[in-house]
Asker: 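My structure is below; once you've seen it, I'll send some questions.
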Amino acid sequence: MNVKLSLTVNGKAVAAEVDPRTLLVQFLREHLRLTGTHVGCDTGQCGACTIHLDGRAVKSCNLLAVQAQGAEVTTIEGLAAPNGDMHPMQAAFKECHGLQCGFCTPGMVMSATALLKDNPKPTEEQIRAGLDGNFCRCTGYHNIVKAVQSCAAGS
Amino acid sequence: MYPFQYHRPANLAEATALLGKLGEGKALAGGQTLIAAMKLRLAQPSDLVDLGGIAELSGIRADGDAIVIGALTRHADVAASAEVGKRIPALARLAGSIGDRQVRAAGTLGGSIANNDPAADYPAGVLGLGATVVTSRRSIAADDFFSGLYETALEPGELIKSVSFPVPQRAGYAKFANPASRFALIGVFVCQEKSGAVRVAVTGGGNGVFRSAELEKALAASFTPAAAAAVKLSADGFSGDLHASPEYRAHLVSVMAGRAVAAALG
Ligand SMILES: Cc1cc2nc3c(=O)[nH]c(=O)nc-3n(C[C@H](O)[C@H](O)[C@H](O)COP(=O)(O)OP(=O)(O)OC[C@H]3O[C@@H](n4cnc5c(N)ncnc54)[C@H](O)[C@@H]3O)c2cc1C
Ligand code: FES
Ligand code: FES
């Protein structure tokens with residue numbers, strides 16, 4: 001039996017009826033067409049699907065859409081300013097070349113913004129530990145860490 | 001994932017009533033274990049009773065000489081709690097060492113101990129501190145709660161409400177984490193109770209969390225890292241897999257126990 005779901009996504013109220021099996025990432029990508037959130041592993045390991053649920057970074061492939069009932073969800077599409085200016089973390093990734101193929105990037109940026117919210121001035125070690133749940137198969141993490149450091153220094 | 005009926009009760013009474021009448025119903029907490037099991041069709045509940053809307057299951061409060069943590073409290077909230085950090089810092093650190101940031105933001109204390117994964121962290125903290133698991137029906141001492149691999153004393157339809165952790169004199173946790181999953185290859189929780197009695201709980205051995213009588217005896221005589229490290233455990237009863245042999249795991253217990261005692265002594 002379908003379930004009525006209402007939540008806020010990137011500041012907009014969303015109401016839908018979903019099969020309760022629908023994963024949150026499926027709901028975002030297939031129902032709302034917000035395809036910036038990626039699926040890398042579908043097993044809760046890689047972090048490509050990271051979004052913010054009530055302000056916290058979570059893996060949207062490892063949650064049911066119905067678990068976001070009444071919640072505030074932010075995806076990578078919701079980070080930039082309404083006029084299109086990049087979020088400082090997005091700008092820092094661009095500036096520091098914190099990406100190569102870009103597949104992991106939305107998840108990295110969502111984790112990194114959550115990290116700085118909890119700890120605005122992290123050490124390099126804290127950044128590496130804080131991004132533990134996000135895999136990048138291209139960059140070797142070096143420039144990703146630099147991007148987070150640069151964003152933290154600028155804020 | 002097989003289809004199921006979804007329920008979102010507003011309070012505990014409604015949740016237990018639902019689970020009581022639904023045949024193959026299961027509680028859903030953070031979903032960090034259960035959803036993966038359902039995707040793989042290892043779990044196929046007819047009904048899911050989502051505890052996410054039950055406010056009374058979340059939160060951390062002091063209760064005399066104990067800290068009571070609601071079953072639905074996220075790992076991240078235990079890790080960040082000033083109360084836990086001040087009175088049982090080893091437990092806050094344990095919670096902060098589970099998985100990664102995203103897992104800690106979703107996973108819950110109740111889900112972790114109900115699941116009783118043989119490499120999970122919380123079972124070591126609950127058993128090591130001699131905590132009490134409070135359910136919808138009764139109070140269960142940690143020594144009676146964990147009954148084997150993924151097995152607990154919980155009966156069908158019984159829900160964990162909270163866990164009451166007695167504040168110890170000192171405690172420490174050290175884990176040798178699997179570098180990929182962060183689950184414990186071996187994790188050791190040591191605790192010196194207010195009475196002076198020593199408890200040592202080991203996770204990651206392969207057959208479920210257990211107390212080590214050898215380590216408890218050695219640490220009761222001398223609560224020092226050297227005393228812990230001097231204990232040599234037999235590899236019998238430890239499991240071997242591609243990550244570690246039984247001998248390596250048995251050896252790690254003494255090493256982690258030494259580090260846990262050092263952490264407890266600050
Ligand atoms: C990538 C990854 C890494 C991880 N690393 C670690 C780690 O390093 N250490 C570690 O310990 N764990 C780790 N975990 C597991 C994590 O801690 C989970 O949070 C935990 O195992 C389950 O908690 P949950 O709230 O998500 O429960 P769920 O998945 O929702 O439920 C798990 C089980 O518990 C039952 N249940 C839930 N709540 C209750 C309740 N109140 N009463 C009775 N039964 C209940 C459910 O019915 C189900 O059977 C990891 C998980 C992932 C995905
Ligand atoms: S797709 Fe969700 S963690 Fe990999
Ligand atoms: S940039 Fe390719 S996976 Fe990270």
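No hydrogens, no waters, no symmetry mates; every other heavy atom, side chains included, goes into these values. For clarity, every value in this text was computed on a predicted model and none was experimentally measured. Below, chains carry the letters A, B, ... as their sequence lines are ordered, and counting in each starts from 1.
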Asker: With side chain to side chain contact (heavy atoms under 4.5 Å, CB included) as the criterion, how do B/Leu19 and B/Leu159 come out once you've worked through the C-alpha distance, each side chain's angles and the decisive distance to 0.1 Å?
Answerer: CA-CA 9 Å; B/Leu19 283 167; B/Leu159 286 174; 3.7 Å; yes
Asker: Please flag which part of A/Ala129 lies under 4.5 Å from any non-hydrogen atom of chain B: side chain, backbone, both or neither.
Answerer: neither
Asker: Using heavy-atom distances under 4.5 Å, tell me whether B/Leu40 contacts chain A through its side chain, its backbone, both, or neither.
Answerer: neither
Asker: Which atoms of B/Leu28 come close to chain A, meaning under 4.5 Å heavy atom to heavy atom: side chain ones, backbone ones, both, or neither?
Answerer: side chain
Asker: Select one option (side chain, backbone, both, neither) describing which atoms of A/Leu64 are under 4.5 Å from chain B's heavy atoms.
Answerer: both
Asker: With a 4.5 angstrom heavy-atom cut-off, which part of B/Gln32 approaches chain A: side chain, backbone, both or neither?
Answerer: both
Asker: Do the ring centers of B/Tyr122 and B/His75 come within less than 6.0 Å of each other?
Answerer: yes
Asker: Side chain, backbone, both or neither: which part of B/Arg8 has a heavy atom under 4.5 Å from chain A?
Answerer: side chain
Asker: Is A/Asp42 in contact with chain B via its backbone, its side chain, both, or neither, using a 4.5 Å heavy-atom distance?
Answerer: both
Asker: Go through A/Gln69, A/Gln67, A/Met110, A/Met1 and name the one with the most non-hydrogen pairs under 4.5 angstrom from chain B.
Answerer: A/Gln67
Asker: In terms of side-chain geometry, is the basic nitrogen of B/Lys175 or B/Asp121 positioned less than 4.0 Å from the acidic oxygen of its partner?
Answerer: yes
Asker: For B/Tyr2, is the NZ or CZ atom of B/Arg41 found under 6.0 angstrom from the centre of its six-membered ring and inside 45 degrees of the ring axis?
Answerer: yes
Asker: Go through the atoms of A/Val66 and report whether side chain, backbone, both or neither lie under 4.5 Å from a heavy atom of chain B.
Answerer: both
Asker: Which bit of A/Leu115 is near chain B, if near means a heavy-atom gap under 4.5 Å: side chain, backbone, both or neither?
Answerer: both
